[in-house]
Structures are given as structure tokens and as C-alpha cells.
Amino acid sequence: MENRVPSGAFKLCEQMELLEFPDKFLIRSLDSPDQAFSIGRSDGSIDTQIGDSCFGGPSKVSKIYGVVGTIQLLEGTFALIITSRREAGTYLGFPVFLVTSMKFLSCNETLKLSTSQEKKDKSYFMTLLRTVESTPGLYYSYGVDLTLNLQRTFKLTEESARKPLWKRADPRFVWNRNLLEELIECKLDPFIIPLVQGSFQTVQFTLKDAPASITLISRRCTRRLGTRMWRRGANLEGDAANFIETEQLLEVEGFKSSFLLHGDEGQLSMAFAAEVQKLPHVRYISFDFHHHCGNSNLDNLQLLYDQISEDFKKQGYCFIDSEGEILAEQKGIFRVNCIDCLDRTNVTQSYLARESLNSQLRKIGALSFTECISKFNEIYEKFKTLWVEHGDEISLEYSGTHAMKSDFLRFGRQTLPGLIKDGMTGLSRYYLNNFHDGIRQDAMDLISGHYTVNGNNPSPLHLNRFESFSYLPVASVLLVGGLTLTSFTLNQGGRNAQHLVSSVLWAGLTAGVVAVVKANGRQFCSRPRLCGLL
């Protein structure tokens, strides 16, 4: 497969090793040993002039796969490195890797904290760093910019294509953009790897004796990064929560074609529709997915497609021949929004992607004008699996669980096993969203730069007495115990008046606990402490 990068293009370090000395961490390229830099273990300072300054042997040598960046906390600097990876496929001929593990290197002297509040702050920030280390869905490539879609990539000038990846990357989709500032300042371009959070899925197949592949890549925007319950709607700058650009790339016999979609989770209302009508060249279609599709049939999305088919065909897709010449460009974007369901967004996008795929294959000549991809069972199953796995990965990043309604994609309808699975997923989401997502949200705000650690500012964890103590276990015991005893004494109430009085007392206590929980709901759940609700 022909790649897009011209000869003489900037090359990133692919093979690296980490050497640990008593006073510094040394990171060196194995491809070009003269390319190296060190990070001081006492103050986190970066030195690009290595020379023979490292006397004695290192205490430990390990292979690493990339430097994600550095972050400054109260106690000093921490450097994040990629310790393991897995090849996920190829994009425009270059390998794409999934980060499977990361590790923070502590580059500072131990800070002797004098107050209990400072100790709490340090402990909490270390918890956030451990959360960042396990961030899911991070992808990168040493040879191609994953932040740019196919159409933008092939429209790069020769000069732009020769720049380091971070200089031509779309900053909206660079997950570690905030962590790269010090590396950029020190001009360590060979070590600067832009990471994209999202999904990368690819399948290979043969269509009428012609080898082909479909790649699905999603890019998650960092401007309003967050979890399901703590980042919703849009901010005053117009940045939508969980904004994701999804691209479906088809490659057949040297031809390349891509279809771009955008999905945003936000509060849609009549006011939103009224405002959208004021915008030129924008058309808003409201579609009640639950009413039309319910638990029955995905094919009912044809009702939505009928309303947009004319615009859908006019907007087209990007189409590139085997010589790299752009034959057609996508002229518009379908933005799929749902009031409260990332999963329905994925189902709807997959339907539009299938229609675009049929059109592309017909234009190439792989399908006749009367054929569609759904007639080829083996290939169609791969296509559906591609979108199911894509939905699961995006959902894990946003809600902490796999996607719901995946049986819509696999079978075109809701099934009983799927209904049970969705019920279990819903319970898992409720638990995670209420009791874990506060920490996850703080970790995202810290790593994306939405919160900056400053020793002169008051502690973000300095809460009042009620908030600083977890009443959740006590409230849970009282609530469950109250309901149980109320039910028991109520059943015995017909036997004597004493049981009836007990029922009333326990019912009153239970109602009181419910009232307290309702009035102070935010105090009983894991909530963001660094930025709050933005």
C-alpha cells in the first residue's frame, strides 16, 4: 500500500530506551543514539546536551515506546512514558499502535509537606496520575498524523507534509497537547508523539476477488473532555461535550475513499432547533429514535434517511485514485446528536456509514447499482462488528462501560439477551457515574490543562466539614434497613397496634433519609473537585 509521506520527510524516533541514573533519567533513540535527552531526578530539568556527562553505569535499562510529555505538580515534575503497546492496524500504509500501558516518572525531590491539607492534596494528585496511567483508547503512529482525516491529509502541501507530526496535527484531537509544551520548548521534535484518544478498528476482506479494507477511526476532542455525568451540553465557546470526529476509510485496488461524520452529546431542545434555523447552510432534523425504532427494527432508520437523502448525496465523500489524485471531496458534514444517549448516536452513524459505503463501492465498480454490502453476509458481519467494537471503545472512554444497544448493530433489532445486557450495563453506569467519575473527571481536567496546579491558590480539596466526610455508607444502611423494617412491620401491622406504630416510625425515618439524600445528592457521590461543573 502506497504511503502519503514524501521522501525525506521528518522521522520520529521509534525505538527508545530509558536509562535510570542516580541523578537523571536518560531517554535515547536506538535508531540514532546521538538523539537523546535527560530529565533531572531532583528538579525535572530537561538537558539536550548529553555528551559524556553520565558517569558510571545506569541502575536500570528498559525499552520504551514513546514520551507522552511532562506535567508540573506541587511537589515537582512528572514525566509520562509509554511502556507497552499493541499494533492495531495500518493507516495509509503506516502502522498504528494502541497504548497498553504508561508510567509516570517522578522527577523531583521528595517534598516535606508541613500541613495535613498539603498531604491530602499530594495523595489526591497521585491518585489522579494513576488514573491517567490507565487511560483507555490512546492511539499513535510514528509515520502518519492520525489527527487529520484523509481529505485533509491529501491536501497537505509538500512543505507541510515534511514538518514534524505535532506541527501539522489538529490541536483539537491531540490528547497530550498540554503535556508536550516543555518538550516543544526544548525542540525535541524527534521524541514528540501526538496521541489521539478514540477508536481505531480495521478489517480486511475480499469483494469479488478484489482485496479491500475498511478502517474506522474516531478522534475525541480535548476542548470539552469529560465523563458522562460531569461534562454535558456545550460551553459558552460552543465546544460540545464528547465531541468526536469519526471517519470511515475504504481502500479497494488502490482507490481510497472516506466518509466523515461528527457526533456530539448535548442538550437538544426547541430552543436549539430555533437557533439552528438562523444559521446559513445548516439544516436540523429532529428524529425520535425511541418512537420509530424502539426495540424492534434498525431498518426504521430509513425514515430518517428519507428526510436527508438529498443532502446526503450532495455532500458526497472524499474519493482518491491509485495515483493519489483527489477525484471528489466531501462538501458537508452530518452531525449526529442525541439528548441523552451516546449509544443511539453510534447506531445512527453506522446506518449512514453503510449507505455511504454502498455508494463508494458502486462508484469504484466493486458493486453494481442494484447490489449493496448487506447482500454479502461475511463482509457485512465484519462491517457490523467494526461498528460494535468502535461503539464499545468510545463508550468505555466516556461512561466507563461498553456501549448499549449493540444488538441493534449486530442483528438490526433488540434481542432478549441484548436487553438483559443493556440492563446490567445501565446498572454499572449508574454505579460508576455516581461513585467513580468524579476522580476520572479531575484526571481529565488535570491532564488536558483545564486545571493548572498552582501553589499560591487555595487547595481544591479544602471542603467544609459536611462535604469532607462520606455519609454514603451510613445513608445506604439507613435507607435499605428502613425500607426492610417498614415492609416487615407493615406486614405485621394487622396483628397489633404496636407493629402499626413501628411501621409509621420506620417509614418516617426512611422518608427522612430519602429527603436528606435528595437535598444533598452531590455530597453522596464522587464529584469533580478541580473544575466542578463547566
Side-chain angles (χ1 to χ4, degrees), residues 3-5 9-16 27 29 35 37 46 64-71 79-102 104 132-133 135-156 159-200 215 217-225 243-247 249 393-394 397 444 446-450:
N3 63 54
R4 175 60 179 165
V5 177
F10 188 88
K11 183 175 176 58
L12 290 179
C13 298
E14 296 188 23
Q15 303 290 330
M16 286 162 277
I27 297 173
S29 169
Q35 293 182 326
F37 70 97
I46 292 180
I64 64 173
Y65 301 94
V67 182
V68 179
T70 63
I71 188 170
L80 184 58
I81 59 173
I82 301 172
T83 54
S84 67
R85 69 184 186 189
R86 174 175 62 83
E87 186 169 343
T90 61
Y91 185 69
L92 302 182
F94 293 94
V96 174
F97 299 96
L98 170 67
V99 176
T100 52
S101 68
M102 299 186 292
F104 272 104
V132 171
E133 288 177 340
T135 300
L138 296 178
Y139 294 88
Y140 70 97
S141 174
Y142 301 107
V144 65
D145 182 9
L146 297 181
T147 70
L148 299 182
N149 58 58
L150 181 73
Q151 186 165 301
R152 293 180 64 187
T153 298
F154 272 78
K155 293 182 73 173
L156 287 174
E159 181 182 357
S160 297
R162 294 179 185 275
K163 292 181 179 179
L165 289 186
W166 74 266
K167 287 189 177 181
R168 49 185 153 113
D170 188 331
R172 296 178 301 164
F173 304 124
V174 180
W175 178 83
N176 56 328
R177 183 62 181 83
N178 181 61
L179 303 180
L180 294 175
E181 291 184 356
E182 193 168 4
L183 298 182
I184 291 173
E185 186 177 340
C186 294
K187 296 180 170 45
L188 292 169
D189 291 346
F191 294 94
I192 298 177
I193 303 176
L195 298 184
V196 172
Q197 188 181 33
S199 176
F200 185 91
T215 299
I217 178 171
S218 285
R219 308 167 178 98
R220 191 178 184 190
C221 182
T222 62
R223 289 180 178 173
R224 192 160 170 73
L225 197 62
F243 176 86
I244 295 173
E245 178 182 275
T246 300
E247 179 182 19
L249 173 65
E393 192 161 17
I394 295 298
E397 297 162 12
M444 292 181 190
L446 179 67
I447 215 69
S448 61
H450 294 148

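Since this is a predicted model, take the numbers as computed values, not measurements.
- Considering only heavy atoms from C-beta on, N176 stays 4.5 Å or farther from W166 through its side chain.
- Using a 4.5 Å heavy-atom threshold, the side chains of L446 and V132 count as separate.
- E247 is listed as a side-chain neighbour of R219, based on a closest heavy-atom distance under 4.5 Å.
- Using a 4.5 Å cut-off on side-chain heavy atoms (C-beta onward), L165 and T147 make no contact.
- Summarising the geometry, atom CG belonging to L98 is positioned 5.0 Å from atom CZ belonging to R86; distances are rounded to the nearest 0.5 Å.
- To the nearest 0.5 Å, atoms CD1 (I46) and CG (L188) are separated by 6.0 Å.
- For the pair I217 and V96, the minimum side-chain heavy-atom distance is 4.5 Å or more.
- Scanning all heavy atoms of the two residues, the minimum distance from E245 to N149 falls at OE2-ND2, 3.9 Å.
- Checked options R152, R220, R177; the residue passing with D170 is R152 (criterion: salt bridge (charged side-chain N to carboxylate O under 4.0 Å, His left out)).
- Note that CG of L146 and OH of Y140 are 11.0 Å apart. Values are rounded to the nearest 0.5 Å.
- Heavy-atom minimum distance, I193 versus L12: CG1-CD1, 4.2 Å.
- The side-chain heavy atoms of Q197 and L138, taken from C-beta on, include a pair separated by under 4.5 Å.
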### Message
Pair Y142, F97 - check ring-ring contact (aromatic ring centres under 6.0 Å, His included), show working.
### Response
CA-CA 9 Å; Y142 301 107; F97 299 96; 5.7 Å; yes
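- No side-chain heavy atom of K167 sits under 4.5 Å from any side-chain heavy atom of I192.
- In this structure the side chain of L156 reaches within 4.5 angstrom of the side chain of L148, judged on heavy atoms.
- In this structure, Y65 OH and E14 CD are separated by 12.0 Å, a value rounded to the nearest 0.5 Å.
- Classified by interplanar angle (parallel below 30°, tilted 30° to 60°, perpendicular above 60°), the ring pair F191/F37 is perpendicular.
- Residues S218 and T246 approach most closely at OG-OG1, 2.9 Å, considering heavy atoms.
- In summary, the side chains of T222 and S448 do not present any donor paired with an acceptor at a separation below 3.5 Å, with no hydrogens or angles considered.
- Shown here for R168 and K163, the closest heavy-atom pair between the two residues is NE-O, 3.0 Å.
- Residues I244 and I394 approach most closely at CD1-CG2, 3.3 Å, considering heavy atoms.
- Closest of all the heavy-atom pairs between V68 and L180 is O-CD2, 3.2 Å.
- Residue E181 holds its CD atom at 10.5 Å from CD1 of I71, rounded to the nearest 0.5 Å.
- Heavy atoms from other residues, nucleotides or ligands lying under 6.0 Å from CD of E87 number more than 12.
- To the nearest 0.5 Å, the span separating CG on L249 from CG on L150 amounts to 5.5 Å.
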